[in-house]
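Structure first, commentary second.
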Number of protein chains: 2
Amino acid sequence: MEKEHTSYGVKEIARRANVSTATVDRVLHNRTGVSEKTRIRISEIIKELDYQPNILASRLASRKIISLAILLPGVSEETDFWSAPLNGIRRAESEIKQYGVQMKYFFYDINDKNSFQEHINQLLELDVHGILVAPSFIEETSRLAAQCAKRKIPFIFIDSDVPDLQSLAYIGPHLYKSGYTGAKLLTYRLGSNKKVLFINISKEIENFNYKEIEEGFRAYFQDREQANEIVRIDIRETDYQSVARHLTYVFHLNKDIGAAFVTNSRVHTVASFLKNSHRTDVSLIGYDFLKENVAYLENNVIDFLICHRPEDQGYRGVMALYQTLVMNAAVTNPYYMPIDIITKENYEFYQN
Amino acid sequence: MEKEHTSYGVKEIARRANVSTATVDRVLHNRTGVSEKTRIRISEIIKELDYQPNILASRLASRKIISLAILLPGVSEETDFWSAPLNGIRRAESEIKQYGVQMKYFFYDINDKNSFQEHINQLLELDVHGILVAPSFIEETSRLAAQCAKRKIPFIFIDSDVPDLQSLAYIGPHLYKSGYTGAKLLTYRLGSNKKVLFINISKEIENFNYKEIEEGFRAYFQDREQANEIVRIDIRETDYQSVARHLTYVFHLNKDIGAAFVTNSRVHTVASFLKNSHRTDVSLIGYDFLKENVAYLENNVIDFLICHRPEDQGYRGVMALYQTLVMNAAVTNPYYMPIDIITKENYEFYQN
DNA sequence: ACAAAATCCGTGCACGTGCCCGAAACGTAA
DNA sequence: TTACGTTTCGGGCACGTGCACGGATTTTGT
């Protein structure tokens, strides 16, 4: 039951190179103080033995603390969507805090651009080693990225991407394909004479996610011969009354709507409207595994929910930072999450 | 950047109890050699400080090796389904081998009961600390479980369950609900006058998985008023010719089959038949993210695939054993995997 | 040629826990 | 009292790596 020598450590390398472990250590962390000759000699032995440092011992011996900043929308009473990524982050935290990783949390108001910027400012006061951010606002995120580049701090986007900012990785859905998939599900049993309603409910004009979704959604109809008419509606208020008013109007104008697609988690508001107005004939699809949405899935008002494993996004985001910072391993970028389809029949096993 | 004292260790406990760390250690591992009085005193301090052992140091200091036995069907040319769990297991292995965990693999022939038993015998020769098994045969699994109980070796089932054997956990799908979900998808756009074909293709008479699937499948029709007629067929040969022969016969007898459901990953064989006989009017659903199946998904012969994250099953299985053996943490049992729905539109992002 | 500086490298302790070994304290019997 | 076993406990090394400190050797400057 004794542990046989499964892999070699610095001691063995030192022995073979006729140096001390400290010198090997210097080479491993490419620090100064080693002659070129010995450096090469040691490097070769390291490569030859395919040396893998013992992370246990490494983290134990190192008194360094790695601190990660987490920048997320706060969980508001309006939506608890962001509790899912947060849970994933917390799970990751509990796994790696023993390894000397520390988190600093910053929760901003998703309806307030300034709040986002302010928390970025606070965050940049501290010197953290890595940043995980849900980039809700483009301009501010750009500036953050610039700062990070200057200070050489790696950062990761989750949930939505802002391209061309040299992020270490984007971890989230392929929104185009997500919209495409939604369109498929929506029309799977829809007559070709029926209209399709495309609904975007969002306070923030800046919210850019839905555009990609819409592109994918429309692309589906172009890729097929069956070309249902798409009615599009933008609703800038999120309360039920406003939504109901807009929807009443749209349904009044368009008598033959057979299906509706909501670009985000506010689908439950639409579901509520459909239920109250007894429109059981309209297929409904939306996003995210929220309690409210699942309730409408349960009683057949919502047909499908699409979900992108937000918990996993948080978990993987943290882990990716950890991987690069501690083991400096490569990270796949972008890392597209699966596009999960949730129905009344399978929701109880879904891992949000 | 120095690591501040975030949590207390044995040293602090020892200091407070006026004993040495060795005595604290004895209490922590409830070994003998401590008087009842000091044991209680130390226990209280441990509880008071909510002591969490540093796993890094623990695993590093311990020369013990934990060895896990993995008992899976081998990857045959007939199906590479089992490569997915194996990948997950390998991933887990690479993560925890640094922690002194070692794997022993046993691959049996899924078409041969004796092979299963023989590998069990081999496995029991070694003294392993935990077992992960895909229990393809009930009787033999029962005997294995009995042996494990006697030797107090925890074991975990993945992919399919054999109840009442005191396994540490079952990690896999809720097959009943899986069949139920399949029925839903299959009939989502099906006329009520159409028949539904239920196909089970399997050499091994012993294979018991499909029964639960069938129950769930049939339950769906009973739960709804819409009662399509279900035509059931059992095919005991897995080659294309045999399957085609049986299907030709069934389709000859039943002119109005609108949808077909295959209980396992052999759905591609049925897809091949449908394609060759130009039956584009039949919806087809089956299981598992195999290359062949995805190909038929791609060209619209298969409508949906249902999948239960086999890779994750392997990963979680190993991790669950690790959790119990190293950190003796509790494991949720059963651990039902999500019932994932895969279509032509979202398959490229699926993590098998 | 000699000191000063720069370069190169080894010794040894630390991280927090596991566990061996032996010492001290206690108990019992002659 | 002495002798001897048993119970209870502490000292100290080990795990593999990080890193401070200082010693040894070579190079540079005058």
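Remember, it's a predicted structure, so these values are computed and weren't measured experimentally. Within every chain, numbering begins at 1; the chains are lettered A, B, ... in the order of the sequence lines, protein sequences first and strands thereafter.
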Go nucleotide by nucleotide along DNA chain C from the 5' end; which of A:Thr21 and A:Val34 gets its closest nucleotide reached first?
A:Val34
Atom pair distance, as rounded to whole Å: NZ in A:Lys11 and P in C:dT11
13 Å
Side-chain contact check for A:Ser35: nearest option of C:dC9, D:dT17, C:dG10 is C:dC9
In this structure, how many angstroms lie between the P atom of C:dG18 and the CG atom of A:Leu56, rounded?
12 Å
Quick one: is B:Ser62 getting a side-chain N or O under 4.0 Å of the C:dT17 phosphate, OP1 or OP2?
no
Distance in angstrom units between B:Asp25 CG and D:dC13 C1', rounded:
14 Å
Atom CD of B:Gln166 with >12 non-hydrogen neighbours under 6.0 angstrom:
no
For D:dT17, does OP1 or OP2 lie under 4.0 Å from any side-chain N or O of A:Tyr51?
yes
Does A:Lys64 put a side-chain nitrogen or oxygen below 4.0 Å from OP1 or OP2 of D:dC19?
yes
B:Ala61 side chain: which of D:dC9, C:dG18, D:dG10 is closest?
C:dG18
What integer distance in Å separates B:Arg26:CZ from C:dC19:C1'?
9 Å
Looking only at side-chain atoms of B:Val10, point me to the closest of C:dC8, C:dT17, C:dC20.
C:dT17
May I ask you to say whether A:Arg151 pairs ionically with A:Asp127, meaning some side-chain N is under 4.0 Å from a carboxylate O?
no
Row check, A:Tyr8 ring normal vs A:Arg15 NZ/CZ: under 6.0 Å, within 45°:
no
Does OP1 or OP2 of C:dG18 have a side-chain N or O of B:His29 closer than 4.0 Å?
yes
For D:dT17, does OP1 or OP2 lie under 4.0 Å from any side-chain N or O of A:Ser58?
no
May I ask you to verify if any side-chain N or O of A:Thr38 is less than 4.0 angstrom from the OP1 or OP2 atom of C:dC9?
yes
Would you tell me if any nitrogen or oxygen in the side chain of B:Thr23 comes within less than 4.0 Å of OP1 or OP2 on D:dG10?
yes
I need the CZ-C1' distance between A:Arg39 and C:dC8, as an integer number of Å.
11 Å
Ignoring backbone atoms, establish whether B:Arg31 has a side-chain N or O less than 4.0 Å from OP1 or OP2 of C:dC19.
yes
Honestly, is B:Arg309 close enough over B:Tyr350, meaning NZ or CZ under 6.0 Å from the six-membered ring centre and within 45° of the axis?
no
Can you tell me the distance, in whole Å, between the CD atom of A:Gln52 and the C1' atom of D:dG16?
14 Å
Atom-to-atom span, CG of A:Asn18 to P of C:dG10 - whole angstrom:
9 Å
Whole angstroms only, please: what is the NZ-P distance between A:Lys37 and C:dT7?
17 Å
Examine A:Arg90 relative to A:Tyr105 and say whether NZ or CZ is less than 6.0 Å from the centre of the six-membered ring and inside a 45° cone about the ring axis.
yes
